[in-house]
Amino acid sequence: MSLLRVQGLTAGYGGAPVLSDVDFEVRAGTVLAVLGANGAGKTTLLRSVSGLLKPTAGTVSFDGCDLRGVRVEHLVRRGLAHVPEGRGIVAELTVAENLRLGGLWRADRDAVRADLDEVYGLFPALAARRGHAGHQLSGGERQMLALGRALMARPRLLLVDEPSLGLAPKAVAQVMAILRHLRDTTGLAVLLVEQNVRSALAVADEAVVLALGRIAAAGPAAALRDDTALRHAYLGF
Amino acid sequence: MERWLFLTTDGLSKGAVYAAFALAIVLIWRATRIVNFAQGAMAVAAVYVAYSVTAATGSYWLGFAAAVLSGLVLGAVVERVVMRFVEHAPPLNAVIVALGLVLLVQAVLGSIYGNEYRPVGTPVSRTGLSVGGVSLLSAYDLLVFGAVGLVVAGLALLFTRTPVGLRMRASAFAPEVSRLLGVNVAGMLTLGWALASAVGALAGLLVIPTELGLHPNAMDLVFVSSFTAAVVGGLDSPVGAVVGGLAVGLVLSYVAGYLSADVTPLAALVLLLAVLLVRPGGLFATTATRRV
Ligand SMILES: Nc1ncnc2c1ncn2[C@@H]1O[C@H](COP(=O)(O)OP(=O)(O)O)[C@@H](O)[C@H]1O
Ligand SMILES: [Mg+2]
């Protein structure tokens, strides 16, 4: 079943469109990787999906419902969480406050408390630094915090923008392992934007390649991994 | 020594009001990066409401409540109707709009109430209790300290201990991320303006009876002193605003007492300049500015 369906999406910043006629789907419980070079339009794509940027054409539907006209702050209530590029933690707030913020809209306080324990279990490094301010964390810890905070909303779909950016290989592997774990155990669907092609294809079920704002290739992750010509042309390995 | 004691208590009492008013400036600055130059005029408007309510009912406290309430409403309306449109514009737009608002509010007040000074009463005596022949704290000074202390403590609790406070802080620091986390950032901005404006109204209510009286321009000098206090405190720091307010109150009281009351406005400006020259970020500014 397709959880997110993007059709004919066109978006930009006033000049020539940065994204043109983009189509793809994310099925429930799967990871879709969006690959592409710097400037290909990956961030623009995620921002258009969550409505931070209003698309000039096309539709985005989540769970069968058109997201046009849905206010950004209502997305989490529908089960869609967006971890923006650069992690977007609130540097002035503590780890605990950042996490609390993620579940603040929820009325089921007991479940929120249970989810908080679960997040701390998933990211022991955060549990050890609850009282630290966001700006005191390392890059890897910030990424953990951004992911953990998104999970506090119990999303069904997670949009993640380049979680590996600036992280050491070990931290990248950790992030990818957690995404895989969440998909396998909770059925979380992930729209994973990455330049780190190898790491992304290692967890993705499906992948699309974005080049100059258009879908240049799409298919099962394994097929993209094995397509030598495509890899050389777009993915650089 | 006696004179010094008198000037110190008087300075602290004025300083408490500056602290509250500076806190209101800081609240809005943190949330929107706008210095609300209209805050003085808005506070005066709220005090005129108090004046009318008290005149009609004979009750100081009904007027007091009306001023705080109308401060809340005025703040929310100003944010929704006017400031929302300059929040993301170049900073000068907000300054110009705020100054326009000052003129508008003062003109409206002038046309309704006239441009004379109206004496405003206080609920308790302003005569200082005499301690060993020195006239010190009056009952009204104690009321001022109590009211400002309650407001400062209340705001501190609100911001650090409640969900809505967490939402307001997050909205101020990272509006886009906050929206993605489900926070109604626009609503938090309105609430922030409402709270700040209510605090400003309270400060006006407390200080106007101790000066020349009620007049459309009655808060102009208080605004300058409080803005100085906010800048001394780093403009971003609520604690800095409170400490800055008390410090400015003391300095101006000493200047008025030992030099001349005529130079206090000048002294406030000299203090502002001195602070900006020595530490452009203010005395309480954290050295690292925000970069995520
Ligand atoms: N805020 C913006 N205003 C104008 N152009 C932008 C803005 N953000 C991105 N762009 C342009 O859009 C294109 C795609 O950018 P982006 O979506 O950030 O790519 P990616 O995330 O794949 O690196 C780039 O050419 C970039 O210069
Ligand atoms: Mg990007």
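Lettering of chains follows the sequences in order, A, B, ..., and the numbering in each one begins at 1.
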Notebook entry, point to check: Excluding sequence neighbours, so at least two apart, what forms side chain to side chain donor-acceptor pair (under 3.5 Å) with A:Thr30?
Noted result: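 In terms of side chain to side chain donor-acceptor pair (under 3.5 Å), with neighbours along the sequence ignored, A:Thr30 is linked to no residue.
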Margin query: For B:Leu181 versus A:Trp105, what's the shortest heavy-atom pair and its separation?
Written below: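 Minimum heavy-atom contact is O-CD1, 3.6 Å.
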Next item on the list: Identify the two heavy atoms, one from B:Val177 and one from A:Pro84, that lie closest to each other, and give their separation to 0.1 Å.
Entry: CG2-CG, 4.1 Å
Notebook entry, point to check: Should the heavy atoms of other residues, nucleotides or ligands under 6.0 Å from CZ of A:Arg27 be counted, would the total exceed 12?
Noted result: no
Note to self: Other residues, nucleotides and ligands only: do more than 12 of their heavy atoms fall within 6.0 Å of NZ on A:Lys54?
What the structure shows: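 Yes, NZ of A:Lys54 has more than 12 neighbouring heavy atoms, counting only those of other groups under 6.0 Å.
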Donor-acceptor contacts under 3.5 Å from residues 23-30 of chain B side chains, at least two apart:
| residue | atom | partner | partner atom | Å |
| --- | --- | --- | --- | --- |
| B:Arg30 | NH1 | B:Asp236 | O | 3.3 |

Would you mind checking which part of [X] comes under 4.5 Å of any heavy atom in chain B, side chain (CB onward), backbone (N, CA, C, O), both or neither?
X       : result
A:Arg47 : side chain
A:Leu93 : side chain
A:His74 : neither

Checklist line | Positions in residues 150-171 of chain B that reach chain A, provided some heavy atom is under 4.5 Å away | finding: B:Pro163, B:Leu166, B:Arg167, B:Arg169, B:Ala170
Notebook entry, point to check: Could you state the interatomic distance from CD (A:Glu73) to CG (B:Leu180), rounded to the nearest 0.5 Å?
Noted result: 9.5 Å
Next item on the list: To the nearest 0.5 angstrom, please state how far the OG atom of A:Ser50 sits from the CD atom of B:Glu176.
Entry: 8.0 Å
Next item on the list: With sequence neighbours left out, write down each residue that passes ring pair (Phe, Tyr, Trp, His ring centres under 6.0 Å) with A:Phe24, or none if nothing qualifies.
Entry: none
Check: Got A:Leu104 and B:Val183 here, is their nearest side-chain heavy-atom distance under 4.5 Å?
Finding: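 No, too far: nothing below the 4.5 Å cut-off.
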